[in-house]
Number of protein chains: 2
Amino acid sequence: MMPVKCEICPLRKKPLFAEMDDDIVRFMQEFKVGEMKVKAGTTLMMEGSNAPQLYTALEGMGLRYKTLIDGDRQVINFVLPGDFIGLQAGVMREMQHSVEASTDMILCVFDRKTLWDLFQNHPERAFDLTWVAAVEEHLLGESLAILGQMSGIERVARAFVRLHDRCEALDLKHGAGVPLPFKQQDLADALGLSLVHTNKTLKKLRDQSIAKWANGKLEVMSYTRLCEIAQLDPTRDPIIRPLI
Amino acid sequence: MMPVKCEICPLRKKPLFAEMDDDIVRFMQEFKVGEMKVKAGTTLMMEGSNAPQLYTALEGMGLRYKTLIDGDRQVINFVLPGDFIGLQAGVMREMQHSVEASTDMILCVFDRKTLWDLFQNHPERAFDLTWVAAVEEHLLGESLAILGQMSGIERVARAFVRLHDRCEALDLKHGAGVPLPFKQQDLADALGLSLVHTNKTLKKLRDQSIAKWANGKLEVMSYTRLCEIAQLDPTRDPIIRPLI
DNA sequence: CGTGACTTTGACAAATGTCAAAGCATGTGG
DNA sequence: CCACATGCTTTGACATTTGTCAAAGTCACG
């Protein structure tokens with residue numbers, strides 16, 4: 001099967017991503033060495049290793065996580081289409097977290113070795129890479145504030161709003177809900193809550209008809225009330241980011 | 001008073017920072033538009049604003065924080081000499097957190113407008129900037145795991161080890177301890193604990209003769225035991241980063 | 001002195017975690 | 001087609017951690 005041409009990349013035109021000049025698109029086409037399909041459960045990057053390849057998620061979802069000495073797992077964030085994977089491997093010695101596919105995924109593949117070429121000959125793209133890193137930094141800072149200052153139900157609500165909005169921006173809404181192909185344990189590990197407590201919190205949102213998450217689908221029934229709990233302004237603007 | 005020349009910058013030679021070519025040093029000297037001294041308590045960057053200037057901390061300490069709707073504050077991290085301030089303002093529309101000086105500080109000042117020149121004409125420096133962003137991302141991911149998975153005493157121990165090591169790497173050790181010019185409330189806000197609980201946790205570490213923090217000085221009495229609680233290998237290597 | 005900012009303590013309340021078991025799909029081998 | 005094993009979700013009872021409130025202690029400073 002032919003890989004998707006960057007030129008006609010369906011992600012590129014979503015308003016979530018910064019616009020891209022035509023010559024940048026041509027360069028990306030060159031920079032891209034191929035496409036990869038992986039099955040759910042595949043480990044894409046390993047904490048502590050150095051990866052020869054970098055990716056951009058095209059389809060499917062995954063998660064980034066760290067494993068602690070005592071075996072606990074912290075999910076750093078969820079990987080959705082448009083996310084760049086492997087920046088740390090690209091510029092630091094090695095990855096500081098692992099990345100795993102939660103569903104089957106399709107990824108754009110880049111070569112780590114040509115990253116330097118990007119910096120030397122395509123300053124706009126280098127800038128965009130830094131921009132992506134800064135957006136990532138922002139999102140992690142926000143997550144930190146969520147774990148540090150918010151209660152269980154607030155954290156779940158926040159996660160739902162974030163994921164719901166991102167899916168909508170990607171036009172992933174089909175029917176009543178958006179896809180959320182994770183386990184409750186994944187969400188628990190992301191929010192720093194126990195599985196049991198997460199489960200009971202989900203029940204509360206269900207019982208109050210605010211949001212329902214089952215069978216890999218998230219249905220937000222009252223966006224307003226969800227935002228209220230999540231301490232978010234329902235009319236705020238999304239963060240624009242470049243697509244690598 | 002004459003500003004410090006980059007050439008003789010005392011930070012540059014610390015093994016914590018990546019080595020820098022001579023011509024890069026010359027460029028940085030140009031890039032640098034001046035030096036700034038601020039008093040303790042000064043707000044250097046405001047969440048939501050765009051800053052015309054970027055900084056590198058030379059002396060003194062500060063903190064980055066976010067304020068939530070309900071007034072809670074999350075301290076994102078502590079700012080120590082060598083930290084770059086304002087990357088988000090440089091590449092995104094605006095800062096996503098505030099930065100405040102906890103002590104008097106001296107900062108290297110750069111002009112946001114010349115950042116683009118850096119990307120166009122100094123790819124190594126552009127790479128370093130991305131590298132810094134990646135290191136920051138790593139540290140935030142680690143913080144996330146700390147807040148999400150560790151108990152109160154473990155969090156405090158982690159923070160102490162991190163800060164102690166960083167101060168040592170900067171040769172800030174004088175006498176029995178390292179400077180830690182923050183309030184208990186700052187640490188509490190960084191670790192997602194209440195002030196009272198933080199205070200009681202500090203007492204535990206004191207009573208067990210593991211670490212004592214008073215009058216802005218942190219004295220680590222048993223690095224081994226502290227690392228044990230912090231779930232850290234006491235022999236691990238520090239992360240090297242570029243100095244901007 | 002008296003005031004304000006910070007730290008320390010004790011008593012009590014609330015949120016969250018742990019354990020254990022049951023429920024419920026789904027897939028597989030007999 | 002059934003029986004059973006597996007992985008995930010749901011529940012209830014109970015334990016523990018952490019937060020909240022209120023007050024007192026300490027220290028620097030005008």
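Residue numbers start from 1 in every chain, and the chains themselves are labelled A, B, ... in the order their sequence lines are given, proteins ahead of strands.
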Step-by-step side chain to side chain donor-acceptor pair (under 3.5 Å) determination, B:Glu136 to B:Asn77: CA-CA 10 Å; B:Glu136 213 62 52; B:Asn77 61 21; 3.1 Å; yes
Rounded distance (nearest 0.5 Å) linking atom NZ of B:Lys14 with atom CG of B:Asp171: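 It comes to 3.5 Å.
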A:Leu139 side, atom CG; A:Ile76 side, atom CD1 - distance, nearest 0.5 Å: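 Here the interatomic distance stands at 12.5 Å.
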Evaluation steps, side-chain contact (heavy atoms from CB on, under 4.5 Å), between B:Ile244 and B:Leu54: CA-CA 10 Å; B:Ile244 304 293; B:Leu54 312 176; over 6 Å; no
OP1 or OP2 of [N] less than 4.0 angstrom from a side-chain nitrogen or oxygen of [X], does that happen here?
X	N	answer
B:Lys200	D:dT18	no
A:Lys203	D:dT11	yes
A:Asn199	D:dT9	no

Nearest-Å distance, [atom1] ([X]) to [atom2] ([N])?
X	N	atom1	atom2	value
B:Leu202	C:dT9	CG	P	11 Å
B:Leu195	D:dA23	CG	P	17 Å
A:Leu147	C:dG17	CG	P	11 Å
B:Met150	C:dT16	CE	P	20 Å
B:Glu154	D:dT17	CD	P	11 Å
B:Asn215	D:dA28	CG	C1'	12 Å
B:Gln149	C:dT16	CD	P	15 Å

Nearest heavy-atom neighbours spanning A:Met150 and A:Arg155: O-NE, 2.8 Å
Sugar-phosphate only, base, or nothing, as touched by B:Leu193 at under 4.0 Å among non-hydrogen atoms: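 Sugar-phosphate only.
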Sugar-phosphate, base or nothing in reach of A:Gly192, heavy atoms under 4.0 Å: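 Sugar-phosphate, backbone atoms only, no base.
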Geometric class of the A:Trp213/A:Phe160 ring pair [parallel <30°, tilted 30-60°, perpendicular >60°]: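 Taking A:Trp213 first and then A:Phe160, their aromatic rings stand perpendicular (interplane angle over 60°).
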Geometric class of the A:Phe110/A:Phe84 ring pair [parallel <30°, tilted 30-60°, perpendicular >60°]: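 Ring orientation of A:Phe84 relative to A:Phe110: tilted.
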B:Val38 and B:Leu44, any side-chain heavy atoms less than 4.5 Å apart: yes
Per A:Val196 side chain, nearest of listed nucleotides D:dG19, D:dT11, D:dC21: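 Per side-chain heavy atoms of A:Val196, the pick is D:dT11.
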B:Arg206 side-chain proximity, nearest of D:dT11, D:dT20, C:dT8: C:dT8
Relative orientation of the end axes in the helix from C:dC1-D:dG30 to C:dG30-D:dC1, expressed as an angle to the nearest 10° (five pairs per end):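 Axis angle across the helix from C:dC1-D:dG30 to C:dG30-D:dC1, nearest 10°: 30°.
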Strand contacts (DNA chain D) in residues 180-189 of chain B, 4.0 angstrom heavy-atom criterion: none
Under 3.5 Å donor-acceptor, B:Arg73 side chain and B:Lys66 backbone: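 Here the side-chain-to-backbone pair does not exist.
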